[in-house]
Amino acid sequence: MNESCRQASNQRVIWPIYIFFLSLIMSGCSFIGANRSVEVVLSTNEVVKVDLTPRHYRALSHCQQAISSIPQNLFASLAPLTNEQRALLKWPAQLTNLKIKDCSWFQKRGEILDELDSLFSSKSQRIGIILPPISANEPALNIIIAQMRKELQREGFHSDGTLIIRRVEKNKMDALKVAAELVHMDRVAMLIGGLHPTHASAIAQIADQSQTPALIISANAPLGRSRQTMRVYPPLKRLALRLTAALKEQKVQDVVVFYPANGNLELFNIMKGFTTSGLRYSQATYSPDDPASILAAIKGQTSKIGNSQGRPAVLIFDNFRMVRHIVNMVTTALPNSNILFAGNQQWRSPALVVPRDEGLQGAIFVDFIGSYRNLPDLFEAPMTDSEYFTTAEAASRLDYLIIGHRLGNLAAEAARFGINRHEVAARFQSLKNRWDTYFPTSELAFDDGRESSWPVFLFGVTDNTIKEL
Amino acid sequence: MFLRARPNLGFFTVAIAGICVVAVLIFGGIYAYLWSEGVLESEQDQIQKLTAAIIPDNSTVLDRTGVKIGEYFSYYHIQIPYESIPRPMINALLAVEDRKFFEHAGVNWTSIGRAFVSVATSGHLKQGGSTITMQLVKNYLLTREKKISRKLREIILSYYVEKNLSKERILELYLNTMYMGHGAYGVGAASMVYYGKPLSELSLAEMSLLAGLFKAPSAYDPHKNPTAAIKRQQVVLNAMVAANLASPEEIAAAKKARLEFKPWTPINETVAPFFIAWIRTEVERLLNENEMVLNDRGYKISTTLDRKIQELANKSVLAHSAPLEALQTRVNLHRKKKTTERIEAALFATDVRTGAILSMVGGRNFQESQFNRTISSKRSPGSSFKPVLYSLALEKGMTWADLVYVSPVDVGGFRPKNHVGDEMTEVTLIKALAKSINTPVVSLAQKYGIKTVIERAQRMGVTSPMNLETGIAIGGFSATMLDVDSIYRTIANDGKQSAAFAITKIEDRDGKVLYQFDPTVATHVQVFSPEIATLLRSGLQAVLTNGTGGAISHMAPYAAGKTGTSDDSRDNWFAGFTKELVVTTWVGGDGHSSLGDGASGASLALPIWAQFLTDSMAAGFLATPWTTPESLVSVTIDPDYGSPADVGIPALFFKNKVPQKSQAADDMKTLKQGNGSYRELKLGE
C-alpha cells in the first residue's frame with residue numbers, strides 16, 4: 001500500500017485546481033435543488049461540462065475533504081474500481097489523476113466507495129437488458145419481456161422507463177461496451193441477458209467489475225466466477241438429476257437417446273455428466289424433417305436396445321408428436337422389448353396419451369411445471385379436462401411467461417433495494433422465494449450454484465393420462 | 001330180284017350215305033365255323049346287356065332356380081323317355097329305317113332278301129336289310145366288322161332281343177343311344193347340337209333331318225354338309241309319305257320349312273364355365289369319391305349360382321378386356337422373359353347372408369385358359385387384407401377418430417412403403433384405411449401380434465396358409481379370391497363368418513338325394529360383434545367417399561369396399577359389398593409380372609367391380625340401405641385430426657365414444673402448423 005502511495009505522489013498534481021473549481025461550484029450552487037453543472041478539466045487539459053444531480057453534488061461535496069486524501073492510484077489499488085476505470089469513458093477518468101498527500105484516508109475508503117458507487121449507478125431503478133439482434137428467439141423474448149413489464153408494473157415501477165433494452169451483435173467487445181454503458185451511464189441496478197455466450201461472458205465480466213447483479217437467461221451460457229452473476233432459467237440440472245434417479249429406480253442400465261440434430265441437449269449433457277449414475281448412454285440424431293433419418297437412427301440403435309442386460313430405456317428429447325412417432329417406430333421394430341421410454345417437458349400434451357399407446361405405458365418424463373392450476377398468480381393457463389394439461393399454444397407460452405415472471409420479480413426486487421449494486425447482489429444470495437405458489441417459498445431464490453431455484457416434477461404415463469409420480 | 005336189287009340198294013345207300021356224309025361235313029363245317037365265330041354262343045349274356053341297359057345320361061348342373069347351366073358327360077347324351085319322344089320323330093325314324101318295325105320279330109327277311117338280291121345283281125349293297133332292332137344289336141352288342149358270322153349273330157340276337165324287350169323299349173334305346181354326330185348320342189343330344197334347343201321344341205322338318213342322320217351322321221352333318229343333309233331330309237319326308245306316317249300337307253309344309261342350324265356351344269362354356277369346372281371337384285369332395293366319374297351318371301347337381309348375376313359378371317369382365325389387352329401388350333413389351341405374360345381378370349360374388357356363391361368368373365376367356373383364378377389362383381391380397389387388422393383395432397377400443405402415426409417402420413429388414421413414399425404424419429384411423437396407408441397397419445400388427453392377426457384372419461374365413469411374418473399385415477401372403485370374399489362377407493354379415501358354398505343338393509338319376517346342404521347346421525362363427533362389423537362397414541364406405549375408391553364415391557350410400565395392390569402392382573384387387581352381395585374382383589398377370597406404375601386396384605379391379613354392381617342394380621338386384629344399430633351414431637370428423645367437423649369423413653362411433661373436440665388433436669394441429677419446437681426452451685445459442 002505504501003508503494004502505491006509513493007507512486008501516486010509522483011504524479012502530476014492537478015487536483016488543487018480541480019478542488020478549487022469544485023469548491024466554487026458547490027458553494028455557488030448548494031442552495032439550488034436542481035442539477036448542478038460542473039466543469040472538469042481533463043488530463044488532456046480539455047474542459048468539459050458535467051451535470052450532477054443535487055444528490056451527487058452533495059456527495060461530491062461531502063467527500064471533498066476525503067478526496068483530497070485519496071491516493072492518486074486509488075483505482076489501481078482497489079481492484080474492482082481499477083477495472084471499472086478502463087470502462088469509464090470521459091470525465092470520471094480524471095479522478096484517477098487526483099493527487100493526495102495523506103494516505104491515511106484509506107480508513108474511510110469504504111465510505112468513499114459507497115459514495116462513488118452511488119454516484120455512478122444506484123437508485124436509478126433501471127434494469128439493463130442486453131439482447132442479440134432479432135432472431136428466432138424473438139417471440140419467446142417478447143413474451144418474457146412483456147411479462148417482466150407486467151411484474152414491474154405490479155410492483156409499482158414504471159415499466160417502460162425501468163427496462164433499458166439494448167441490441168448487441170454477437171461479439172464480446174460490443175457486448176462489453178454496451179454492458180459498461182448500461183452500468184455506468186444508464187446506471188442500471190441490474191443487468192439481464194446472456195442469450196449468446198459472448199454476451200454472457202461480457203455481462204459476467206462487467207457485473208464482476210462493477211459489483212452489479214446480473215441475471216443470465218440462457219441454459220448453457222457460463223456464469224463465470226463472479227457471485228454477482230446468476231442464472232434464471234428452468235432447472236436443467238435438477239431435471240437431469242430427477243430423471244437419472246427415475247431411470248435407476250427402474251433398473252435401467254442402458255440408455256439410448258434420440259434427439260433432433262439441432263435440438264436442445266443441455267438436459268442430456270447434464271445427465272451424461274453424472275458419471276456415478278452407472279447408466280450407459282448411446283445416442284443418435286435425426287432430422288425431424290427427414291423420416292428416413294429417424295428410421296436410420298432407430299435402426300442403428302435397435303441392437304443396443306435389444307441386447308440390453310437390464311431394462312432398456314429410450315430417452316427422446318423431442319416434442320410429443322415426435323415421441324409418438326419414435327415410440328411407434330421403435331416398438332414396431334422391437335415389440336415386447338419392455339422398453340422404458342423417457343423424456344422431458346416437451347412430452348407434455350394430451351396428444352402424448354390420446355389415443356392410448358401401449359408402448360408408452362409406464363413411460364416417464366420430467367417437467368418444471370406440475371399442475372397448471374399452480375402457476376404464478378399473474379397468469380392463468382387455459383384449463384383442459386386435466387389439471388396437468390393446457391393447450392399446446394399456451395404451453396410453450398407459459399414456459400416463457402414463468403421466466404418473465406421470475407425475471408420481473410427479481411428486477412423489481414433489485415430496483416426496490418435502492419442501494420449499491422453490490423449490495424443487491426449480496427442480498428439476492430439470501431433472497432427467498434415469496435412471490436407466489438409456484439416457486440417453493442421455503443427455498444432460496446438461488447441455489448449454491450447461483451441457479452434460480454425451480455420446482456421439478458416427474459410424470460408417468462398411465463392409459464390415457466399422465467400422473468405425477 | 002333180290003340180287004338185282006342189292007346193287008341198287010347199295011348204290012342208293014352209298015349215295016345217301018355219301019350225301020349224309022357230305023351234309024354232315026357241310027353242316028358240321030358250318031356249325032364248326034359258326035361255333036368258332038361265336039355265332040352260336042349263348043345269347044343270354046348279350047341280351048342281358050340290353051335288357052338291363054341303362055341309357056347313359058349327362059350329369060347336369062342346375063342354377064339356383066333349377067335351370068341347367070352345365071353338364072358332365074363322356075359322350076353327349078340327353079336322355080328322353082319313350083313317352084316324351086315326339087311321335088313325328090318316331091315316325092320319321094320308322095319311315096326311313098324300318099317301316100315294318102312293329103310287325104317283324106327283329107328280322108325283316110324280305111328286306112334281307114332284297115338286300116341280298118341287290119348285292120347279287122349290282123355287286124354292292126344299295127339298300128340295307130337291317131331292322132332297327134338289328135342296328136341296335138349291332139351298335140350295342142356287336143362290333144362293326146363286316147363278316148357273315150357277325151351278321152348271323154346279329155340276326156340271332158335281334159330275334160332274342162325282340163323276345164326280351166318291348167318294341168317301345170327298343171325304340172327308346174335306339175333313339176337315345178345312336179351316334180348322331182358331333183359327339184352327340186341320341187336325338188335329344190342331337191337336337192341341342194344342331195338346333196340348340198330341346199327335342200320337344202323341334203318341328204317335323206327339323207326332326208326329319210335328325211332321322212336322316214342315323215344312316216350316316218358324318219355325311220349328312222348339317223353343319224358341314226347342309227345340302228346333303230337337306231337332301232337326306234327330303235328322302236325321309238318322302239318315306240313318311242310313302243309309309244303313310246304323315247299327311248301330304250304336313251310333308252309339304254315340312255319340305256318348305258327353312259331350317260336354321262346353330263353351331264353348338266356346349267352349355268358348360270357359355271354360362272359359367274369356370275364354375276361348372278369347379279363344381280365337378282366340389283361334388284367329388286362332398287361325396288368323398290375322389291375317383292368318381294360324374295360323366296354320364298345322370299346326377300342332378302343343384303347349385304347356388306344365379307344365372308343372371310353370372311351373366312352380368314361375365315359381361316363386366318368382358319367389357320374390360322380391351323384395356324387389359326392393351327395393358328398386356330405394354331407389359332409384354334417391357335418383359336424380359338421369353339414367355340408372354342397374360343393379363344387376366346376374375347370376379348367372384350357371394351350372397352352376404354348365406355355365403356352362397358352367386359357368380360364365378362375365373363378368367364377372361366375360358367376357351368383360351370381354363371385356369372380358375374377365383375379358386376385355384378393364390379395371389380397376394382395386398383391392402384384388401386387390411387380390414388382384418390382394423391377389426392382388431394376397433395375391437396380393442398380404437399375409434400375412427402383416433403390419430404395413428406404414419407412413420408416409416410423397419411421390422412427385421414421388412415420395410416413396408418406407403419404409396420406416397422416415406423412420410424411422417426398423423427392421420428385418423430379412418431383416413432389411414434381410406435387412403436390405404438401401410439405403415440400404421442404394420443405397427444398395429446406388431447402391437448397386437450402377428451399370431452393374433454393370423455388367428456383373426458382364419459376366423460374370418462381365410463384358409464390359405466399364412467406364415468408368422470409381419471408382411472401378413474399388408475397382405476403379404478398368397479390368398480384365393482375365396483379367402484378375400486370370406487373376409488368381406490364376415491364384415492357384411494354382421495361379424496358372422498360362414499363358409500362359401502355352391503352346391504345345395506346332389507341327386508342321382510333316380511332322384512335319390514346323395515347330398516343336401518343344410519343351412520341350419522352350416523357353421524356361422526360370430527367373429528366380432530355386429531357393432532364392430534358396422535363400424536368396419538362405415539370405414540369401408542369412407543374408402544369410397546374419401547379414399548382410394550373415390551371413383552365410385554356415388555355408390556357409398558349402399559356399397560363399401562377396399563382396394564388392394566400388391567408390390568409392383570402384380571395383383572390388383574377390389575373387394576366390397578352391399579347389403580346383399582359380396583363382390584371381389586382381381587386383375588393381374590398369370591406370370592406375376594409387374595403391371596407398371598399406373599396399375600392399381602383402383603385403376604384395374606375397381607372399374608370391373610363398379611360396372612358389375614351398377615349393372616346388377618339396373619337388373620333389379622337392389623342394394624338396400626343399411627341399418628345402423630342404436631348403439632352407434634354417425635359423426636363427420638376432420639380426416640386429419642379426428643375432431644367433429646362440418647366437412648370431413650362421416651363415420652360411425654359407439655355412442656359412448658363419440659369424438660369430441662379433442663385437446664390432443666388441437667395440440668397436434670398447433671404443433672404441426674405452428675411451433676414445431678414445442679416447449680423446447682431453446683433460449684440462447
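Numbered from 1 within each chain, the chains take letters A, B, ... in sequence-line order.
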Inset, instruction - Ignoring hydrogens and angles, tell me if any N or O in the side chain of A/Tyr233 forms a donor-acceptor pair with the backbone of B/Leu681 under 3.5 Å. - result: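 Answer holds: yes.
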Legend entry - Largest heavy-atom contact set with chain B, pairs under 4.5 Å, which of A/Val354, A/Thr391, A/Asn344: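 Between A/Val354, A/Thr391, A/Asn344, the count favours A/Thr391.
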Legend entry - Among A/Pro139, A/Gly263, A/Pro355, residue most engaged with chain B (heavy-atom pairs, under 4.5 Å):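 Top option by heavy-atom pairs under 4.5 Å: A/Pro355.
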Inset, instruction - Determine, for A/Arg321 against B/Asp667, whether the closest basic-nitrogen to carboxylate-oxygen distance falls under 4.0 angstrom. - result: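 No, no charged N to carboxylate O under 4.0 Å.
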Legend entry - Salt bridge present between B/Lys447 and A/Asp357 (N-O < 4.0 angstrom):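 Salt bridge: yes.
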Side chain, backbone, both or neither: which part of [X] has an atom under 4.5 Å from a heavy atom of chain A?
X	answer
B/Lys672	side chain
B/Thr670	side chain
B/Val406	backbone

What part of [X] gets within 4.5 angstrom of chain B, counting heavy atoms only: side chain, backbone, both, or neither?
X	value
A/Ile298	neither
A/Asp290	neither
A/Phe389	neither
A/Ile294	side chain
A/Glu358	neither
A/Arg348	both
A/Asn262	both
A/Ala333	both
A/Thr390	backbone
A/Leu334	neither

Inset, instruction - Kindly confirm or rule out a cation-pi arrangement of B/Arg679 over A/Phe368, judged by NZ or CZ under 6.0 Å from the six-membered ring centre and within 45° of its axis? - result: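 Satisfied, under 6.0 Å and within 45°.
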Inset, instruction - Using a cut-off of under 4.5 Å on heavy-atom pairs, state which of B/Val404, B/Val409, B/Leu429 scores highest against chain A. - result: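 Answer, by heavy-atom pair count under 4.5 Å with chain A: B/Val409.
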Inset, instruction - Using the side-chain contact (heavy atoms from CB on, under 4.5 Å) rule, pick out the option among B/Thr470, B/Leu444, B/Thr439, B/Val442 that qualifies with A/Thr332. - result: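 Filter result, single survivor: B/Val442.
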Legend entry - Full working for side chain to side chain contact (heavy atoms under 4.5 Å, CB included) between B/Glu426 and A/Arg324: CA-CA 10 Å; B/Glu426 307 78 33; A/Arg324 294 286 304 239; over 6 Å; no
